[in-house]
Amino acid sequence: MPELPEVEVAARNLRQWMVGEVVAGVEAPDEKVLAAGTGAEWEAALCGRRCLGVARRAKYLLMDFEGGHTVVAHLRMTGKFVLVPAGESEPAYVRFRFLLTDGRRVLFRDMRRFGRAWLLPTAAVAAMPELAKLGPDAYLEPLGPRELAERARRSRRPVKTWLMDQTVIGGLGNICASEILFRARIAPERPADSLADEEIERLAAAIPDYLEWAIRAQSGPEIIYIAERRDANPFAIYGHGGEPCPRCGAALARKVIAGRSTFSCPVCQAPS
DNA sequence: TAGTATGTTGGCGC
DNA sequence: AGCGCCAACATACT
């Protein structure tokens, strides 16, 4: 379920589980997710090495290891990192796993198998094309109104589609975009270059405000024995089409923009 | 059965 | 070049 907030939570969890730990083994039951390096190469590069740090850039996770190797991972639609305590059994859809010296295992699960993980020399990470083309991270490097306006001015696309462009801002996905535009009271179909200064200011503030809220709301360790329950939808408007707007009570709309479900309040976010 | 799914890439056409 | 649109990727749920 990965957009920036979920990936940030995954990074914090991985940091807690992995940093300072020595990898006792690497196994890849499904090598399809290994986009760079074979299972044998992963094992050779990482076995016996300590994890030095975990970082996040947009929706990518980066794990640095002794010996000069980095694992870059993208969860795509259904990827997830999970910690399994020693002796506990594993869930389905495990694509690779790190074995730790105390018997705990860190799993990469991914039902739909869209997720990818690359083993790279740490020195080669900066040149990885997927990372090199990312815009500034929406949470770690928030754009101020001036820079945001300058970028928006260059695009006539719907502001919602523009916000999801990873080369403009890194990390915002389909849910984030709807929720942020609701906070900023901007209609998602508005061309990016049509926003007034005060709308840009609201947008610049809504991005970190929403991300702070979402990271907090989704924090919590993914540990296998905590059953995944179907929680109530935590979002203000995403997935709430037809329900009353939490701000004004009007019926929330669902429409498709650039092929993606988009939610908005036709009153609070009236196109002007 | 058809429609839907929090992401990304690549092809086609304008 | 930039953009919209669509299919593909693979699987599950309603």
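Lettering of chains follows the sequences in order, A, B, ..., and the numbering in each one begins at 1.
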Task: Residue that, paired with A:Glu90, satisfies salt bridge (Lys or Arg N to Asp or Glu O under 4.0 Å) out of A:Arg95, A:Arg105, A:Arg109 - done: A:Arg105

TODO: Please state how far atom CE in A:Met128 lies from atom P in B:dT8, giving the value in whole angstrom units.
DONE: 12 Å

Open item on the list: Using the P atom as the point on both nucleotides, what is the distance between B:dG3 and C:dC6, in whole Å?
Closed with: 14 Å

Task: Check ion pair A:Glu8-A:Arg12 (N to O, under 4.0 angstrom) - done: yes

Enumerate the protein-to-nucleotides 9-14 of chain B contacts in which both atoms are nitrogen or oxygen and the separation is below 3.5 Å.
none

Open item on the list: Between A:Arg104 and A:Glu21, does any side-chain N to carboxylate O distance fall below 4.0 Å?
Closed with: yes

Restricting to nitrogen or oxygen on both sides, can you table the protein-nucleotides 10-12 of chain C pairs closer than 3.5 Å?
| from | atom 1 | to | atom 2 | distance (Å) |
| --- | --- | --- | --- | --- |
| C:dA10 | OP1 | A:Lys32 | NZ | 2.8 |
| C:dA10 | O4' | A:Arg112 | O | 2.9 |
| C:dA10 | N1 | A:Arg112 | NE | 3.2 |
| C:dA10 | N1 | A:Arg112 | NH2 | 2.6 |
| C:dA10 | N3 | A:Arg112 | NE | 3.1 |
| C:dT11 | OP1 | A:Arg113 | NH1 | 3.3 |
| C:dA12 | OP1 | A:Tyr93 | OH | 2.6 |

Open item on the list: Quick check against the 3.5 Å criterion: does A:Arg56 have a side-chain atom that pairs as donor or acceptor with the backbone of A:Ala58?
Closed with: yes

Donor-acceptor contacts under 3.5 Å from residues 117-126 of chain A side chains, at least two apart:
| from | atom 1 | to | atom 2 | distance (Å) |
| --- | --- | --- | --- | --- |
| A:Thr122 | OG1 | A:Gly68 | O | 3.3 |
| A:Thr122 | OG1 | A:His69 | N | 3.4 |
| A:Thr122 | OG1 | A:His69 | O | 3.4 |
| A:Thr122 | OG1 | A:Thr70 | OG1 | 2.8 |

Open item on the list: I'd like to check the side-chain hydrogen bond (donor to acceptor under 3.5 Å, both in side chains) partners of A:Glu243; sequence neighbours left out, ordered by chain and number.
Closed with: A:His240

Task: For DNA chain B, the residues among residues 154-178 of chain A that have a non-hydrogen atom under 4.0 Å from it - done: A:Gln166, A:Gly173, A:Asn174, A:Ile175

Task: Criterion side-chain contact (heavy atoms from CB on, under 4.5 Å) against A:Glu189, the qualifying member of A:Lys255, A:Arg157, A:Lys160 - done: A:Lys255

Open item on the list: Using 30° and 60° as the class boundaries, would you call the ring planes of A:Tyr238 and A:Phe235 parallel, tilted or perpendicular?
Closed with: perpendicular

Task: Polar side-chain atom of A:Arg15 near backbone of A:Gly53 as donor-acceptor pair, under 3.5 Å - done: no

Open item on the list: Applying a 4.0 Å non-hydrogen cut-off, can you work out what A:Arg260 is touching in the nucleic acid: base, sugar-phosphate, or nothing?
Closed with: base

Task: Between P of B:dG7 and CG of A:Leu134, the distance in whole Å - done: 14 Å

Open item on the list: Would you say CG of A:Asp197 has more than 12 non-hydrogen atoms from neighbouring residues, nucleotides or ligands within 6.0 angstrom?
Closed with: no

Task: Parallel, tilted or perpendicular, as decided by the 30° and 60° cut-offs, for the rings of A:Phe65 and A:Phe98 - done: tilted

Open item on the list: If we ignore hydrogens and angles and just use 3.5 Å, is the side chain of A:Arg247 paired with the main-chain N or O of A:Phe182 as donor and acceptor?
Closed with: yes

Open item on the list: According to a hydrophobic-cluster definition based on side-chain heavy atoms being under 4.5 Å apart (Ile, Leu, Val, Met, Phe, Trp, Tyr only), do A:Val71 and A:Trp17 belong together?
Closed with: yes

Task: Runs of at least three Watson-Crick or G-U pairs with DNA chain B, cut-off 3.5 Å - done: B:2-5 with C:11-14, B:7-14 with C:2-9

TODO: Can you tell me the distance, in whole Å, between the CD atom of A:Glu6 and the P atom of B:dA5?
DONE: 16 Å

Task: Spacing between A:Glu8 atom CD and B:dT6 atom C1', to the nearest angstrom - done: 16 Å

Task: Sidechain N-carboxylate O distance under 4.0 Å for A:Arg113, A:Asp30 - done: yes

- [ ] Could you tell me whether the phosphate oxygens of B:dT8, OP1 or OP2, come under 4.0 Å of any side-chain nitrogen or oxygen in A:His74?
- [x] yes

Open item on the list: When you measure from the side-chain N and O atoms of A:Arg254 to the phosphate of B:dG3, is any distance below 4.0 Å, counting only OP1 and OP2?
Closed with: no

- [ ] Whole angstrom is fine here: how far is it from CG in A:Leu61 over to P in B:dT8?
- [x] 12 Å

Open item on the list: Taking the C1' atom in each of B:dT6 and C:dC3, what is the distance between them to the nearest angstrom?
Closed with: 24 Å

